Amino acid sequence: MEVDSESEESFAPSALGTKEHWESQYDAELQNFEDNGDIGEIWFGEGVQRRMVQWMHSCGLITADSCVVDIGSGNGALLAGLAKKGFSRLIGLDYSLHATQLAQKVAEAEQLNISFHTADIVTMEGVPVPSETCDVCADKGTYDAISLNPDNAEGMRVNYIKNVHSLLRKDGLIVITSCNWTRAELEDHFSKYFKVFDSIPNPSLAFGGQSGSTVTTLVFQKVEA
């Protein structure tokens, strides 16, 4: 089944899928950082972020000068983690101006060389990365948020996947974490443009005699569509 199938299961619309919500959220977090030095929430927690950074650092396919684009970079914490591992070509994209401002201030405070841009991966408005120049894309919750948009979330997901594909070089990778979609669902969504390259285990929870993870992290590799 292709990603744009009409039978695709979707989620009820939520404020978490709107730009207005994230502008308000990051406006508050920006003010809090300026007042208290707190960078704000790390989406999915520090453990998930640490495992994503460690995989990229140790997989053997990504070098310190690989171009890494964080899609929905928020406060920039994921890219900061990569910068501290020696990565030097780091680009953060977020459609929230306040998120971009926060990430820039955090990076400056930590003296990290990271480039942040206010840009929308769904429409490609403001995206400064030329086609087929990115080695790795990272996503920690952005695809989930798009899935909750009240206005044509399914179409937005299709555009997201196509646009990520267009940014990546041949055989480029996307490392994506989701709490809304299972591994099987993500594989189905991305199957026209990507193949599964690896998975990054996350802690399992046990309940009622069954165990499983509430968060899925997959590494997809670009294929020719």
Side-chain angles (χ1 to χ4, degrees), residues 19 22 25-26 29-30 33 39-57 59 61-110 112-131 133-146 160-161 163-169 172-179 186 190 194 200 215-222:
K19 183 176 181 179
W22 295 110
Q25 173 86 10
Y26 284 111
E29 292 195 5
L30 175 60
F33 177 75
I39 70 169
E41 181 178 3
I42 295 179
W43 203 240
F44 297 137
E46 293 184 6
V48 167
Q49 176 173 288
R50 182 172 60 252
R51 284 185 286 275
M52 291 177 71
V53 168
Q54 184 58 36
W55 188 92
M56 286 185 270
H57 181 247
C59 70
L61 298 176
I62 306 170
T63 64
D65 62 351
S66 293
C67 177
V68 181
V69 175
D70 187 7
I71 301 168
S73 47
N75 59 18
L78 178 65
L79 292 179
L82 289 169
K84 293 171 184 176
K85 290 286 189 179
F87 287 83
S88 59
R89 296 175 62 202
L90 302 172
I91 301 170
L93 308 178
D94 204 296
Y95 71 175
S96 165
L97 173 61
H98 291 125
T100 305
Q101 292 171 335
L102 171 61
Q104 289 172 333
K105 286 181 178 291
V106 172
E108 289 169 4
E110 298 187 13
L112 301 174
N113 185 22
I114 306 172
S115 176
F116 292 100
H117 303 268
T118 304
D120 189 339
I121 190 64
V122 171
T123 65
M124 294 297 282
E125 181 180 357
V127 174
V129 185
S131 296
T133 60
C134 173
D135 298 297
V136 186
C137 288
D139 178 339
K140 189 161 57 71
T142 299
Y143 188 72
D144 281 0
I146 290 170
Y160 168 101
I161 293 170
N163 291 339
V164 169
H165 183 270
S166 74
L167 291 181
L168 289 168
R169 298 180 187 274
L173 304 173
I174 174 171
V175 184
I176 181 170
T177 295
S178 170
C179 67
L186 288 172
F190 283 74
F194 294 89
I200 303 174
V215 176
T216 299
T217 303
L218 292 178
V219 182
F220 288 105
Q221 187 171 49
K222 177 178 179 175

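Small disclaimer: the values here were computed from a predicted structure and weren't measured.
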>> My understanding is that only residues two or more places apart in sequence, or in another chain, count here; which of them pass side chain to side chain contact (heavy atoms under 4.5 Å, CB included) with Lys19?
In response: Glu23, Tyr95
>> For a quick test of reading the model, state the closest non-hydrogen atom pair linking Phe116 to Ala107 and the distance between them.
In response: CE1-CB, 4.0 Å
> How long is the span from the NE2 atom in His98 to the CD atom in Gln25, to the nearest 0.5 Å?
Replying inline: 12.5 Å
> How far does CG of Asp135 sit from CG of Leu173, to the nearest 0.5 angstrom?
Replying inline: 8.5 Å
>> By the definition side chain to side chain contact (heavy atoms under 4.5 Å, CB included), identify the one residue from Ile62, Val68, Asp139, Thr217 that meets it with Val175.
In response: Thr217
> Between His57 and Phe87, does a side-chain contact (heavy atoms from CB on, under 4.5 Å) hold up when you go through it step by step?
Replying inline: CA-CA 9 Å; His57 181 247; Phe87 287 83; 4.2 Å; yes
> Considering only heavy atoms from C-beta outward, does the side chain of Phe194 approach that of Leu218 to under 4.5 Å?
Replying inline: no
>> Quick check: closest heavy atoms across Lys140 and Phe44, and the distance to 0.1 Å?
In response: CG-CD1, 3.5 Å
> Could you go step by step and tell me if His117 and Val69 meet the side-chain contact (heavy atoms from CB on, under 4.5 Å) rule?
Replying inline: CA-CA 11 Å; His117 303 268; Val69 175; over 6 Å; no
> Given the rule in the side-chain contact (heavy atoms from CB on, under 4.5 Å) test, do Thr100 and Gln104 qualify, once you have shown the distances and angles that lead to the verdict?
Replying inline: CA-CA 6 Å; Thr100 305; Gln104 289 172 333; 4.0 Å; yes
>> For Tyr143 and Tyr160, take the angle between the two ring planes, folded into 0 to 90°, and tell me which bin it lands in: parallel under 30, tilted 30 to 60, perpendicular over 60.
In response: tilted
>> Run Asp70 and Leu82 through side-chain contact (heavy atoms from CB on, under 4.5 Å) and show every step you take.
In response: CA-CA 11 Å; Asp70 187 7; Leu82 289 169; over 6 Å; no
> Closest heavy-atom contact between Gly86 and Ala64?
Replying inline: O-CB, 3.4 Å
>> Restricting to side chain to side chain contact (heavy atoms under 4.5 Å, CB included), what partner residues turn up for Asp65, sequence neighbours left out?
In response: Thr63, Ser88, Arg89
> In Å, rounded to the nearest 0.5 Å, how long is the span from OG of Ser96 to CG of Asp120?
Replying inline: 11.5 Å
> Any donor and acceptor pair, going by atom type alone, linking the side chain of Asn163 with main-chain N or O of Val122 inside 3.5 Å?
Replying inline: yes
>> If you compare all heavy atoms of His165 against all heavy atoms of Lys222, which two are closest, and at what distance to 0.1 Å?
In response: O-NZ, 3.0 Å
> So how far is it from Gln49 CD to Ile42 CD1, rounded to the nearest 0.5 Å?
Replying inline: 4.5 Å
>> With heavy-atom distances below 4.5 Å as the criterion, would you say the side chains of Trp22 and Asp94 are in contact?
In response: no
>> Can you give me the closest heavy-atom contact between Gly81 and Val53, atom names plus distance?
In response: O-CG1, 3.8 Å
> Between Ile91 and Cys67, what is the shortest heavy-atom contact and its length?
Replying inline: CD1-SG, 4.1 Å
> If we only count heavy atoms from C-beta on, is the Phe220 to Leu186 side-chain gap below 4.5 Å?
Replying inline: yes
> Measuring from Ile161:CD1 to Ile176:CD1, what's the distance to the nearest 0.5 Å?
Replying inline: 7.5 Å
Considering only distance and modelled atom types, tabulate donor-acceptor pairs under 3.5 Å from the side chains of residues 72-80, sequence neighbours left out.
| residue | atom | partner | partner atom | Å |
| --- | --- | --- | --- | --- |
| Ser73 | OG | Leu93 | N | 3.3 |
| Ser73 | OG | Leu93 | O | 3.4 |
| Asn75 | OD1 | Ala77 | N | 3.0 |
| Asn75 | ND2 | Ile39 | O | 3.2 |
| Asn75 | ND2 | Glu41 | O | 3.0 |

> Quick one: does Glu110's side chain get under 4.5 Å of Lys84's, heavy atoms only?
Replying inline: yes
> How many angstroms lie between CE in Met124 and OG in Ser166, if you round to the nearest 0.5 Å?
Replying inline: 4.5 Å
